[in-house]
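Working notes, beginning with the structure itself.
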Number of protein chains: 2
Amino acid sequence: MVEITPRLSIGQVAERTGLSVHALRFYENEGLFLTPVRRGADGRRVYSEDDVAWLTVCIILRASDMPLPELRRYAGLVREGTGNEEERLALMREHEARVTGRIGRLTESLDLIRFKAAVYEDIVDQGSAAAHDCHGPSTAAEGEERSPVRRREVLAE
Amino acid sequence: MVEITPRLSIGQVAERTGLSVHALRFYENEGLFLTPVRRGADGRRVYSEDDVAWLTVCIILRASDMPLPELRRYAGLVREGTGNEEERLALMREHEARVTGRIGRLTESLDLIRFKAAVYEDIVDQGSAAAHDCHGPSTAAEGEERSPVRRREVLAE
DNA sequence: CTAGGAGCTAGACCCGGCTCTAGGTCAACT
DNA sequence: AGTTGACCTAGAGCCGGGTCTAGCTCCTAG
């Protein structure tokens, strides 16, 4: 007699998932659900826990910047049922590659960011230790290579 | 007699930086340069290597999703000259935190992505080893906790 | 002299991904 | 009876970050 799959209102789903009710309707419109969202007698949307489970997957994929069209395609594959796992795999692997690439580029950027921060920290520390004017390095440097953030091009300012 | 700071055209800067000429004008409009971009007698923009060096910094900050307003603010601080290193430091540290946060969330997402991929890979391998139908797990799972991507909520599909 | 190519400005447009509004239905309280 | 409050639809609006267009000025080469 326990409710096996409680029927959730859009508001409840919004609350649980952190998506807005607008976003939920929008996602539905975009074809991101696995099954057409059911309606109650009064025409209101009724969600199941399965919907919520799927949404949490969507949220994670979106959090890693999977574009909506690709998420839609993925939803389509899942909707089709078993048999297309190669395609799902390819899609996931592709996405994985994008995400690792993104992480890599962000990590590279962190080199510069931390380097800059360290430079400013030194100046600040120095300035507060002895209370005389800071003498910032204004020598500009040329940058040619760029992959593993070159020291010199990073120094100025 | 060597050109100490060669004068570059917008096209040359675009080529070197990978930014479009449009983007270069746009950035200028947005106040992202350290000094007003000089103009030749004919009214065309003339860039120095310093500009390019600064642009490469901008590009890295943008690559890590520093919003334009913040980049503008940073440019402003640098423009002001030495003396505001605490502010520059704070800005960089803040940005650093955002970037590490982002990397963390992406890395978390990777857990799910790889898990899914692994599931599909198993199915595909299994399917190709013995040529009988795949029996995908369609058992839906409820998801409550979510930080360290829970196993169960991830299984379905 | 004329055609191309690079630049110029101001401003329109685009894209992704929501977000919000207008105008309405319904059920539940007071 | 009236007021919330949650929901509905269709469609407009917004934001960030560019991108592109129109219509113009130059310079250079053929």
Side-chain angles (χ1 to χ4, degrees), chain A residues 6-33 36-48 51-52 55 57-75 95 98-99 102 105-106 109, chain B residues 6-33 36-48 51-52 55 57-75 95 98-99 102 105-106 109:
Chain A
R7 333 177 80 237
L8 301 164
S9 73
I10 195 168
Q12 289 171 311
V13 173
E15 200 174 348
R16 270 171 160 67
T17 60
L19 295 168
S20 70
V21 294
H22 302 292
L24 285 169
R25 292 192 278 244
F26 172 71
Y27 277 18
E28 181 179 345
N29 254 305
E30 292 292 298
L32 301 184
F33 280 83
V37 175
R38 288 171 305 153
R39 301 299 180 115
D42 51 359
R44 296 181 175 202
R45 289 170 179 83
V46 174
Y47 298 87
S48 66
D51 291 322
V52 173
L55 281 172
V57 172
C58 290
I59 286 165
I60 293 171
L61 294 176
R62 286 290 306 127
S64 49
D65 297 320
M66 179 178 284
L68 291 192
E70 188 164 346
L71 187 45
R72 173 161 44 237
R73 173 157 155 61
Y74 180 48
H95 186 56
R98 273 202 310 264
V99 174
R102 182 103 187 89
R105 270 169 282 117
L106 286 175
S109 299
Chain B
R7 333 175 80 235
L8 301 162
S9 72
I10 197 170
Q12 289 172 311
V13 174
E15 201 174 347
R16 270 170 161 67
T17 60
L19 295 168
S20 71
V21 296
H22 302 293
L24 285 169
R25 293 193 276 244
F26 172 70
Y27 277 19
E28 182 179 345
N29 253 305
E30 293 292 299
L32 301 185
F33 279 84
V37 175
R38 287 173 304 152
R39 299 301 179 112
D42 52 358
R44 294 179 176 205
R45 289 170 178 85
V46 173
Y47 299 87
S48 67
D51 291 322
V52 174
L55 282 172
V57 171
C58 291
I59 287 165
I60 293 172
L61 294 176
R62 286 291 305 128
S64 50
D65 298 321
M66 180 179 283
L68 290 193
E70 189 165 346
L71 187 44
R72 174 161 43 236
R73 172 158 154 65
Y74 180 48
H95 186 54
R98 273 203 310 264
V99 175
R102 183 97 187 91
R105 270 169 281 115
L106 286 175
S109 298

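So that the names make sense, note that chain A is the first sequence line, chain B the second, and so on, each numbered from 1.
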Measure the distance from [atom1] on [X] to [atom2] on [N] and round it to the nearest whole Å.
X	N	atom1	atom2	value
A/Q12	D/dA6	CD	C1'	11 Å
A/L32	C/dG16	CG	P	14 Å
B/I10	C/dT9	CD1	C1'	12 Å
B/D42	C/dC8	CG	P	8 Å
A/R72	C/dG16	CZ	C1'	11 Å
B/H22	C/dA6	NE2	P	13 Å
B/N29	C/dA10	CG	C1'	9 Å
B/L24	D/dT19	CG	P	10 Å

When all nucleic acid strands are considered with a 4.0 Å heavy-atom cut-off, which category describes A/R45: base, sugar-phosphate, or nothing? sugar-phosphate

Picking from B/L19, B/L68, B/L32, what satisfies side-chain contact (heavy atoms from CB on, under 4.5 Å) with B/F26? B/L68

Looking only at non-hydrogen atoms, find the nearest pair between A/R72 and A/E30 and report the distance.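 In terms of heavy atoms, the two residues are closest at NH1-O, 2.8 Å.
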
Show the nearest heavy-atom pair for residues A/S109 and B/I60, with the distance to one decimal.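 The answer is OG-O, 3.5 Å.
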
Of all the choices, [options], which nucleotide is nearest to the side chain of [X] once you look at every atom?
X	options	result
A/Y27	C/dG17, C/dC18, C/dT19	C/dC18
B/R39	D/dC8, C/dT9, D/dT19	C/dT9
A/S9	D/dC7, C/dC18, C/dG7	D/dC7

Check: A/R16 and A/Y47 side chains under 4.5 Å, non-hydrogen atoms: no

Test item: B/S48 and B/R38 side chains (from C-beta on) under 4.5 Å apart, heavy atoms: yes

Assuming nearest nucleotide by heavy-atom distance, tell me which of B/A23 and A/R25 is located more 5' along DNA chain D.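 With B/A23 and A/R25 compared, the 5'-side residue is A/R25.
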
Earlier contact from the 5' end, DNA chain C, for B/V21 and A/D65: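 The answer here is B/V21.
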
Relative to the 5' end of DNA chain C, which residue comes earlier, B/Y47 or A/R44, by the nucleotide with the nearest heavy atom? B/Y47

C/dG16 OP1/OP2 closer than 4.0 Å to side-chain N/O of A/R62: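 No, because none of the side-chain N or O atoms of A/R62 sits under 4.0 Å from OP1 or OP2 of C/dG16.
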
